[in-house]
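Just follow the structure's listing: the first ligand is 1, and inside any ligand the first atom is 1.
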Amino acid sequence: MGRLIDGKWYSGDVNTSGSKGNYERVPRTFLDWIAKETKFSPEKNRYHLYVSYACPWAHRTLIMRKLKNLEDFITVSVVSPEMMEDGWKFDNKFSESTIDHLYNCKNLYEIYQKADSNISTTVTVPILWDRKYETIVNNESSQIIRIFNSAFNHLINNDTDFYPKDLRSEIDAINDEIYNNINNGVYKAGFAKNQETYNIAVNNLFESLERVEKNLEGKNFLVGNKMTEADIRFLPTLIRFDTVYYIHFKCSIKKIIEYKNLSRYLNNHFNLDAIKNTTNQLHIKSHYYFSHRMLNPYGIIPQTSFVI
Ligand SMILES: N[C@@H](CCC(=O)N[C@@H](CS)C(=O)NCC(=O)O)C(=O)O
């Protein structure tokens, strides 16, 4: 893992942990927006996404980029799934990883250094990069997907709205529940450093999964009757659950395939091009099992029989 302090890279385990042995996510630093007549105006060939296929937060941005037909507008570089002492890096060991298409950097931290040579930060994906000012516009996935949802509409002829005004309060409420208990809940369980915090995280996670299971009875979407941002944020976690979180993060009360509605929901959505073709289980499994040596010291990747 590692992090940047005053622009210099320090390697090592910086798995951020609260004083009670609970897992705490460090706040990220770039939160600008793309909008007409602002510094970051919507333009073709200007913005670039740095992602990992392993990362559920980056996965959201890839899904939204496809759903909004932004592939010709937003180019992409994909890091290697193996994240060790130098953090995310670019190499060609895995198919579907790429070089850094913009600068041919070896490590992702160099991109953060380019944005700010004195930066102190963890080095995370996704990153939305601006070629014009050579800086990071935004590195918070929940915001990047909202940018993609609307900022380029007039250029791409795609008004599909995944965060419609009339459903916003419902979407916000379910996003909160799912982020705290499920999306980030699996990390809270996996990175817990004592039994009590693990128990709390795992119980919250499975209570929340039961609520969502009930909510999905007879339904194929979390909110309303078409796909919204809530589904886009939820699916990347479901996709990783049985192959990784169930085993590696000890979220092992039940698998997703054991839930009637959650598994149907996952299978239905997985048939969509935007979901299927942004999912790479080899990168997912290789990253978590190989990179988190504090949880899996020998980096052995378990064989799994799951279809998705
Ligand atoms: N809040 C960020 C979280 C991104 C994040 O934590 N990404 C992970 C990969 S799944 C990462 O890059 N971790 C590297 C590190 O923390 O050093 C978002 O949602 O965009």
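For atom 19 (O) of ligand 1, the choice among Gly87, Ser141, Pro126 with the nearest heavy atom turns out to be Ser141. Of the options Thr124, Thr61, Asn139, the smallest heavy-atom separation from atom 13 (N) of ligand 1 is shown by Thr124. The residue from Asn184, Ile127, Val125, Asn183 that puts a heavy atom closest to atom 8 (C) of ligand 1 is Val125.
For ligand 1, the polar-atom distance check finds an N/O of Glu140 within less than 3.5 Å of one of the ligand's N/O atoms. Looking at Trp88 next to ligand 1, an N or O pair under 3.5 Å apart turns up.
Taken to the nearest 0.5 Å, the CD1 atom of Ile119 stands 11.5 Å off from the CD1 atom of Ile111.
Checked against a 6.0 Å centroid threshold, the rings of His292 and Phe191 count as neighbours. Aromatic pair Tyr245/Tyr288: ring centres closer than 6.0 Å.
Listed by number with element, the atoms of ligand 1 under 4.0 Å from a non-hydrogen atom of Cys55 are 7 (N), 9 (C), 10 (S). Which parts of ligand 1 touch Val123 is read off a 4.0 Å heavy-atom cut-off, strictly below it: atoms 12 (O), 14 (C), 15 (C), 17 (O).
Side-chain polar atoms of Asp100 and Asn104 form no donor-acceptor pair below 3.5 angstrom. In summary, the side chains of Thr122 and Arg3 do not present any donor paired with an acceptor at a separation below 3.5 Å, with no hydrogens or angles considered. In this structure, a donor-acceptor pair under 3.5 Å is absent between the side chains of His283 and Ser52. Side-chain contact of Ser208 with Glu177: a donor-acceptor pair under 3.5 Å is present, judged by distance alone.
Contact annotation: for Ile144 versus ligand 1, there are no heavy atoms closer than 4.0 Å. At a 4.0 Å heavy-atom cut-off, ligand 1 touches Tyr187 through the side chain alone.
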